[in-house]
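What follows is a short report on a single structure.
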Amino acid sequence: MKKTFSDEDLIKNLSLYYLNRHLKKKPIEKYHRTIDESPLHDREKYRKKSEILLLNSFMHHFPEVKFENLTCESPDFIAKLNDKKIGIELTEVINHLEMKKSGKHFE
């Protein structure tokens with residue numbers, strides 16, 4: 001039987017759970033179930049679940065965000081915030097959080 005995920009992938013994913021003190025477990029479990037029910041390939045499901053974990057910091061700062069589409073490709077996710085639909089690109093969220101952490105701000 002061919003492995004769908006490498007051991008390294010699973011260890012990285014698990015470490016995200018342990019390292020994140022603000023993990024919002026209930027919504028993430030719900031989002032993971034939604035992804036599991038999608039027609040995506042197993043590898044894509046795993047990637048999307050990992051992306052959701054990475055978005056946890058974003059969800060911590062914006063708890064009112066409700067995800068509407070977890071399985072789209074571009075943008076990575078579609079969410080609703082204050083009755084407006086927004087597209088979320090994971091790389092932009094990560095870049096923004098990294099800039100914020102380093103003290104740099106957008107002009």
Side-chain angles (χ1 to χ4, degrees):
M1 183 174 156
K2 184 180 173 188
K3 278 182 154 179
T4 306
F5 316 114
S6 73
D7 290 338
E8 183 182 350
D9 286 340
L10 295 173
I11 290 167
K12 283 180 185 176
N13 208 3
L14 186 59
S15 69
L16 285 171
Y17 273 114
Y18 291 123
L19 291 174
N20 199 329
R21 288 171 281 169
H22 301 294
L23 185 67
K24 293 179 167 278
K25 190 175 177 184
K26 290 292 182 195
I28 286 179
E29 287 174 348
K30 182 181 87 174
Y31 297 145
H32 280 200
R33 280 194 304 275
T34 301
I35 291 167
D36 278 336
E37 293 167 359
S38 76
L40 292 174
H41 183 272
D42 286 345
R43 186 70 194 164
E44 279 298 302
K45 287 179 183 180
Y46 181 81
R47 186 178 63 80
K48 284 291 187 178
K49 288 178 182 182
S50 296
E51 289 173 349
I52 286 287
L53 287 173
L54 291 170
L55 276 178
N56 186 63
S57 293
F58 175 82
M59 293 174 359
H60 177 72
H61 293 288
F62 300 97
E64 62 277 7
V65 168
K66 302 293 181 226
F67 289 92
E68 291 190 348
N69 189 333
L70 299 167
T71 59
C72 55
E73 199 52 42
S74 184
D76 293 322
F77 304 100
I78 296 175
K80 198 166 194 174
L81 177 64
N82 300 327
D83 293 324
K84 293 182 181 178
K85 284 189 180 187
I86 58 171
I88 299 172
E89 284 289 341
L90 183 62
T91 52
E92 290 179 19
V93 172
I94 291 170
N95 289 341
H96 177 72
L97 293 173
E98 285 298 316
M99 288 179 73
K100 194 173 178 182
K101 190 190 314 184
S102 68
K104 297 176 185 174
H105 297 285
F106 292 108
E107 296 291 323

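The figures that follow rest on heavy atoms only: side chains count, while hydrogens, waters and symmetry mates do not.
Hydrophobic clustering keeps Ile78 apart from Leu81 (ILVMFWY residues linked when any side-chain heavy atoms are closer than 4.5 Å, directly or through intermediates).
Proximity of a side-chain donor or acceptor of Ser38 to a complementary backbone N or O of Thr34 within less than 3.5 Å is not detected. Within the 3.5 Å criterion, the main-chain N or O of Glu64 finds no donor-acceptor partner in the side chain of Lys80.
Once rounded to the nearest 0.5 Å, the distance linking CG of Asp76 with CZ of Arg47 reads 6.5 Å. Atom-to-atom distance recorded for Ile35:CD1 and Lys45:NZ is 9.5 Å, nearest 0.5 angstrom.
The two residues Gly87 and Pro75 have their closest heavy-atom pair at CA-CG, 3.5 Å. Scanning both residues, Glu51 and Leu90, for their nearest heavy atoms gives CG-CD2, 3.3 Å.
Using a 4.5 Å cut-off on side-chain heavy atoms (C-beta onward), Asp36 and Lys49 make contact. Side-chain contact between His32 and Ile52: present, with at least one pair of heavy atoms (C-beta onward) separated by less than 4.5 Å.
Evaluation of the salt bridge (Lys or Arg N to Asp or Glu O under 4.0 Å) rule for Lys85 yields Glu68 as partners, not counting sequence neighbours. Residues satisfying the side-chain hydrogen bond (donor to acceptor under 3.5 Å, both in side chains) test with Glu89, not counting sequence neighbours, are none.
Within the structure, the ring-ring contact (aromatic ring centres under 6.0 Å, His included) test picks out the following pairs touching residues 66-93 (sequence neighbours left out): Tyr31-Phe67, Phe67-Phe77.
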